[in-house]
Amino acid sequence: MAHIVVEYSRNLEGRVAISDLLRKVHEAALESGVFEIGGLRTRAEPRDVYVIADGHQDNAFVAVTARVGHGRDAETRRRAGQMIFDAACKHLAGIFEATPLAISLELQEIDPLTSFKKNNLHAIVKDRAAKVTK
């Protein structure tokens, strides 16, 4: 399981294809081999009110938070986080060269005692994939 939230300053809209960024981050998480497709959710949260560094209006940020299910060792979490971060940085490379931009990623492990879930996506996604291959 992974819930990935890409938080970004609204001043990036129109200059960064946010939907493409989400797709690249999502794909990197899958390519890591750490997460099952039915447990992966990737979404964006634009921020309208923020102050970055010296407060200049051109300053921007992209902050990725990946919350993952409990039980993976530290090296596996680090590797998955690095793959997701690298994908985000690659997608943002052009804007990084032209804009004061802070990019970050934090991977957090979810406490299993305080995490509650109900999910029918695993079976549905597998069924869809089977129908496509026929």
Side-chain angles (χ1 to χ4, degrees):
M1 180 190 105
H3 289 252
I4 302 172
V5 178
V6 178
E7 188 179 359
Y8 65 94
S9 54
R10 182 79 76 175
N11 65 349
L12 290 174
E13 288 184 349
R15 301 183 321 159
V16 172
I18 299 299
S19 60
D20 289 346
L21 174 60
L22 287 184
R23 187 174 44 77
K24 294 292 186 185
V25 163
H26 193 88
E27 288 171 358
L30 287 173
E31 289 169 6
S32 75
V34 175
F35 312 109
E36 290 186 46
I37 192 167
L40 186 58
R41 291 119 176 85
T42 306
R43 55 195 176 268
E45 293 184 3
R47 296 297 181 201
D48 293 314
V49 180
Y50 50 86
V51 178
I52 304 165
D54 62 358
H56 193 279
Q57 67 183 8
D58 291 343
N59 296 346
F61 77 91
V62 172
V64 180
T65 304
R67 298 177 58 247
V68 303
H70 178 73
R72 295 171 182 95
D73 63 77
E75 178 53 29
T76 298
R77 293 191 314 268
R78 188 210 59 76
R79 182 176 52 79
Q82 188 69 60
M83 287 181 73
I84 296 165
F85 183 71
D86 290 349
C89 288
K90 182 177 179 182
H91 184 77
L92 296 166
I95 195 78
F96 187 84
E97 296 301 320
T99 301
L101 175 63
I103 307 168
S104 64
L105 179 134
E106 180 181 0
L107 193 139
Q108 305 167 351
E109 190 174 40
I110 297 170
D111 184 340
L113 295 176
T114 57
S115 177
F116 307 90
K117 300 171 214 48
K118 186 174 183 177
N119 177 356
N120 66 1
L121 291 166
H122 293 279
I124 292 170
V125 168
K126 285 179 184 174
D127 186 49
R128 280 187 198 136
K131 289 178 182 174
V132 170
T133 60
K134 289 182 180 180

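Values in this document were obtained by computation on a predicted structure and should not be read as measured data.
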statement: Value for CZ (R67) from CG (D111), rounded to nearest 0.5 Å, stands at 10.5 Å
Pairwise distance NE2(H26) to CD(E31) - rounded to 0.5 angstrom: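 Those atoms lie 11.0 Å apart.
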Only pairs under 3.5 Å count here: list side-chain donor-acceptor contacts from residues 76-92, not counting sequence neighbours, and write none if there are none.
residue	atom	partner	partner atom	Å
T76	OG1	D73	OD1	3.2
T76	OG1	D73	OD2	3.0
R77	NH1	R72	O	2.4
R78	NE	E75	OE1	3.2
R78	NE	E75	OE2	3.4
R78	NH2	E75	OE2	2.8
R79	NH1	S32	O	2.9
Q82	NE2	D86	OD1	2.8
H91	NE2	A17	O	3.3

- request: Answer yes or no: does atom CD of E36 have more than 12 heavy-atom neighbours from other residues, nucleotides or ligands under 6.0 Å?
  value: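 Result for CD/E36: open.
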- prompt: Just wondering, more than 12 heavy atoms not from I37 lying within 6.0 Å of its CD1?
  reply: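 It does not: I37 CD1 has 12 such atoms or fewer within range.
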Are any of the side-chain heavy atoms of [X] and [Y] separated by less than 4.5 Å?
{"X": "R47", "Y": "E7", "result": "yes"}
{"X": "L12", "Y": "L101", "result": "yes"}
{"X": "V6", "Y": "I18", "result": "no"}
{"X": "V125", "Y": "D127", "result": "no"}
{"X": "H70", "Y": "I110", "result": "no"}

Donor-acceptor pair, [X] side chain versus [Y] backbone, under 3.5 Å?
{"X": "N59", "Y": "I52", "result": "yes"}
{"X": "R41", "Y": "G39", "result": "yes"}
{"X": "E109", "Y": "G71", "result": "yes"}

- request: In sequence, state the C-alpha distance, the side-chain angles, and the governing distance for R15 and E13, and then conclude on salt bridge (charged side-chain N to carboxylate O under 4.0 Å, His left out).
  value: CA-CA 5 Å; R15 301 183 321 159; E13 288 184 349; over 6 Å; no
task: Check N11 against S9 and note the closest heavy-atom contact, atom names and distance.
output: OD1-OG, 2.7 Å
task: Determine the minimum heavy-atom distance between F35 and A29, stating which atoms define it.
output: CD1-O, 3.4 Å
- prompt: Is F96 reachable from V16 through a run of I, L, V, M, F, W or Y residues, each pair having side-chain heavy atoms under 4.5 Å apart?
  reply: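 Same hydrophobic cluster.
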query: Given the rule that I, L, V, M, F, W and Y join up when any side-chain heavy atoms are under 4.5 Å apart, are L30 and M1 in one cluster?
result: no
field: Qualifying residues under salt bridge (charged side-chain N to carboxylate O under 4.0 Å, His left out), relative to R43, sequence neighbours excluded
entry: none
- request: Determine the sole option in T65, L22, L40 for which the side chain to side chain contact (heavy atoms under 4.5 Å, CB included) test with I4 is passed.
  value: L40
CA sep, side-chain torsions, deciding dist, call: F61, I103, side chain to side chain contact (heavy atoms under 4.5 Å, CB included): CA-CA 6 Å; F61 77 91; I103 307 168; over 6 Å; no
